[in-house]
Amino acid sequence: MKKTTPELQSKSRISTEQPKKIDALNDHAWELRIACGEKALQSAERASKLATKCNYRKGLADSYRTMAFVHAMKGEYSDAMNLSSQAQAVYEDIYDKHGQSVTLDIMGVVQRKMADYSEALRLHEQSLDLSKTTGNRQREAETLDNIGSVYSAHGKFEEALDCYQKALDVANSTGDHICKASLLKNIGTVYKHLGDYRIALDYMQKSHSAYKFVNDALGQAKCLNNIGIIQGRIGLYSEALESYNASLKALQALGDVRGEAMTLGNMGITYGQMGATSAALECHLKGLDTAIKTGDKFWESRTLNNIAIVFREMEDYDAAVGNYRKSAAICREIEDERFGAVVLKNMGEVLHKQGNDTEALDCLKKSLPFIITAGNEDCLSRTYCDLAEIYRDTGDLAAAIEHYNKSLDIAKTNDYALCQSDALMGIGSVCFLQGSSGKALENLGKALSIAEKIGTKDIIYQIHHRLSDVYESIGDFKAALEHSRSFHRVKEEILNEKSENTRRKMMALHEVETAKRDAKLSDLRSIQLAERGNKLAEAVDERDKLLEERKYLMRIAAHNLKSPIHAIETWSMLKDKTTVTNKELTDRLRMVNRIARENLRALQNILSSEAIETGKMRIEPVRVNLARIAREVVDNYRADALEKSISIHFCHKKNHHYAWVDNSIAIQILDNLMSNAVKYTPQGKSIYVTVSNSGEHILLKVKDEGPGITEKDKNRLFQQFAWLSAKPTGDKRSTGLGLFIVKKLVEKTGGRVWCESESGKGAVFVVEFPQQAQVREGVPK
């Protein structure tokens, strides 16, 4: 039957309108591919169905290309390669060179992420040839950018910078600001890997400005994330957290959940660098929840690895290994062999610290083939060193030497000075164990020379220690003494640097907390402006009260310090006497030490009292061995007790009694209790300190044989500035703050403290610490 004219017109209209609709859907999907992958997938899938129905082959290839890109971003590499291959076949069939070039680049990116760098380069170079053939300069710059990223991932940074610079020249000539922004970010990343953080930061900030110029909010957020990483590396912790918070805010506004999780992870790493383990865990757990909710296995595995690193720093090796195992299992599930190898390597190092050398060796051996394939020579050199260390500790010295030499060969080839020094030190140590002192001295000498050139003090002091042992074994006591002195000198320098670093970290934390407090104060001022009157008067009264307390505390400090400073000044004049005996000098020095400790404790109590009252005290609970802390504090008081002929008895049923408490807080609590016990116990009596388990808690008891506590005094025992009727022996002074501080600190850790006493029968102070924090799936909240 012959078709009428209207029917023919309708068919013609459908045939021209459908491709336009499909192209519009594909264009929309391509624009969304980075900012919102799920929506991009939905749009591309609709386009592919329509294209299949009307046999629009270019539309089908474009939809496959977008879907491949999104799957690659999600780490679903098999799906990405399958869709890319289908798109490439269609583009070749219809002679679409632009489509071929873009798809080849996607396939190259996937191969790069799978660590097949030679295949990635081959694909990108094919894409570059096609873009040059078509004269598409924008595509040429994008492909050069991808080639640079392959070199960067492979650790060939000079080649990477060369490619990025060529691409940047093209982008500048074509006015492609989007590509320019990406290239500036990538150049910054290379300098970050090279350790040139100032240059890296400069490029990242230029990239951020370029993204801002083209109004790319996602690009800006990613740059801020990178800026935060670099700021953290150079110790600008508060600035890093500020950058992360700005990035997080932008990503939340964009709905980029995966980017959110990544930024939270980086914030957690920075908090970890600052020693704020609770804040680090909080960030990582938020990131983990996000990854689990969105089904992002790729980022879930990385977050679990980060959580394990926090526990490793806390020396909670069981929790660290548990999270490493979870991360490794996910890597196996998603076939992410490259990151799985990193996790296995990390887990092997922790297992070795636990003394589980058999499993540690197994983990490192399993990770080795993938580390070799990945081509990361620095990581490979370190892995051989890790293996050698285990072989050395388990007595297989031949295998240890073999693996140290492998590490050394790689380090020499790639000019990795730090790895060379590590490997040479290891070889020297094994030679010493084998009885070859000459070879030990030769290798340790080379290791020291390299370490001193690069100024790596952590290795320098270890080498001096080993050299001292070797020289002592061969009877060269002069050389042994010189290296021993160098060992102690460098170790002291390291401790001073760590102390300074800790101070900077605390300042950064203080700045962060101050910023939060200022924001709260700003809100409070707004309320006060609206509701003046009584609230304002109360605030003024509270301020006056705090000022009076501070003045009072300062008077106590001045009074307590005046006498000991005068005594120290007088005793220091002994140096001018010629008849001073060694015993007299030793006694005076011991007295100076005791007075210094007493006044340091008094000052610490004054500062703690102010911090508690003003709400500025920061508590960082971790899992600590209370038995170890108790022993250390008790040992510090043995000399003071001996002066009064007091016996101290320390009892614990096992060596490990773990409690969940801030380490420095636990020390301060026990220090105050021991000070009181020594202060109130008469001469010739005893003090008993015990640590024991009690269900979900650890009990710490300090018992003295002093005058005890009256019923009247019990009611004001833990009050601030409370002086009791019992008087300290030996004319000791008291600030009236010790037990007040103890109670407040114990309560802040979630514990309890009480006193059991009868007047005239001594006193027992009992502290109950929580044995563990709340736990969710093996991870403390």
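Computed over heavy atoms, backbone and side chain alike; hydrogens, waters and symmetry mates excluded.
- Open room surrounds NZ on K703; 12 or fewer heavy atoms of other groups in view lie less than 6.0 Å from it.
- Using a 4.5 Å heavy-atom threshold, the side chains of Y688 and E705 count as touching.
- Checked for salt-bridge contact, K353 and E349 miss the test: no charged N lies under 4.0 Å from a carboxylate O.
- Atom SG of C385 is separated from atom CG of D422 by 5.0 Å, given to the nearest 0.5 angstrom.
- Residues V343 and Y324 approach most closely at CG1-O, 3.4 Å, considering heavy atoms.
- With hydrogens and angles ignored, the 3.5 Å screen pairs no side-chain donor or acceptor of W754 with any backbone N or O of V766.
- Here K761 contributes atom NZ and E756 contributes atom CD; the two are 14.0 Å apart, rounded to the nearest 0.5 Å.
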Would K365 and L387 count as a side-chain contact (heavy atoms from CB on, under 4.5 Å) here? Give the steps. CA-CA 8 Å; K365 284 180 177 179; L387 283 163; 4.3 Å; yes

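- Closest of all the heavy-atom pairs between G265 and H284 is O-CE1, 3.1 Å.
- The distance between the ring centers of Y461 and F487 falls below 6.0 angstrom.
- A distance-only check finds a donor-acceptor pair linking the side chain of S757 to the backbone of G762 [under 3.5 Å].
- A side-chain N or O of E359 and one of N356 form a donor-acceptor pair less than 3.5 Å apart.
- Proximity of C755 to I709: side-chain heavy atoms (C-beta onward) are separated by under 4.5 Å at one or more points.
- Annotation: side chain of I687 is not in contact with side chain of H649 (no heavy-atom distance under 4.5 Å).
- A donor atom on one side chain and an acceptor atom on the other are not found under 3.5 Å apart for D296 and T294.
- Figure legend: R233 and Y197 shown without cation-pi pairing, the cationic atom not lying both under 6.0 angstrom from the six-membered ring centre and within 45 degrees of its axis.
- Panel note: side chain T710, backbone D713; a donor-acceptor pair is recorded below 3.5 Å.
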Walk me through whether N225 and T263 qualify under side chain to side chain donor-acceptor pair (under 3.5 Å). CA-CA 6 Å; N225 204 347; T263 304; 3.1 Å; yes

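- Rounded to the nearest 0.5 Å, atoms CD (E300) and OG1 (T290) are 11.0 Å apart.
- For Q231 against S243, the heavy-atom pair with the smallest separation is OE1-OG, 2.8 Å.
- You'll find the side chain of V702 stays beyond 4.5 Å of the side chain of D704, heavy atoms only.
- Using a 4.5 Å heavy-atom cutoff, the side chains of I698 and E768 are not in contact.
- Contact detail for A659 and F769: the closest heavy-atom pair is CB-CB, 3.9 Å.
- Paired with I667 under the rule side chain to side chain contact (heavy atoms under 4.5 Å, CB included), one option of I669, I665, L670, N663 passes, and it is N663.
- Counting heavy atoms from C-beta outward, L288 and I292 have side chains that approach closer than 4.5 Å.
- Between M674 and V689, the closest heavy-atom pair is SD-CG2, 3.6 Å.
- The backbone N or O of I309 lies less than 3.5 Å from no partner atom in the side chain of E313, so there is not a single donor-acceptor pair.
- Under a 4.0 Å N-O distance rule, the pair D635/R638 qualifies as a salt bridge.
- Using a 4.5 Å heavy-atom threshold, the side chains of F650 and R631 count as touching.
- Salt bridge D386/R382: absent, no basic N to carboxylate O contact under 4.0 Å.
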Pair L717-L739, side-chain contact (heavy atoms from CB on, under 4.5 Å): steps then yes or no: CA-CA 7 Å; L717 187 61; L739 292 176; 3.7 Å; yes

Please test L344 against L364 for side-chain contact (heavy atoms from CB on, under 4.5 Å), starting from the C-alpha separation and ending with a verdict. CA-CA 6 Å; L344 283 172; L364 289 170; over 6 Å; no

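- Every residue meeting the side-chain contact (heavy atoms from CB on, under 4.5 Å) condition with L224, not counting sequence neighbours, appears here in chain and number order: H208, A246, S247.
- For the pair R302 and F339, the distance from NZ or CZ to the six-membered ring centre is under 6.0 Å and the angle to the ring normal is within 45 degrees.
- Between L248 and M267 there is a side-chain heavy-atom pair separated by less than 4.5 Å.
- Note: L251 CG to M262 CE = 9.0 Å, rounded to the nearest 0.5 Å.
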I330 vs F298, side-chain contact (heavy atoms from CB on, under 4.5 Å): CA-CA, chis, key distance, verdict: CA-CA 8 Å; I330 293 170; F298 178 86; over 6 Å; no

Do Y637 and D671 pass the side chain to side chain donor-acceptor pair (under 3.5 Å) test, and can you show the C-alpha distance, the side-chain angles, and the key distance before you say yes or no? CA-CA 9 Å; Y637 277 89; D671 191 54; 2.7 Å; yes

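- Going from atom CD of Q354 over to atom CG of D318 covers 5.0 Å, rounded to the nearest 0.5 Å.
- Side-chain contact of H657 with N625: a donor-acceptor pair under 3.5 Å is absent, judged by distance alone.
- When only modelled atom types and interatomic distance are considered, N305 and N323 share no side-chain donor-acceptor pair under 3.5 Å.
- To the nearest 0.5 Å, the span separating CG on L745 from CG on N672 amounts to 8.0 Å.
- Using modelled atom types, one finds a donor on one side chain and an acceptor on the other under 3.5 Å when comparing H352 with D357.
- Closest non-hydrogen pair, K743 versus F718, comes out as CD-CB, 3.3 Å.
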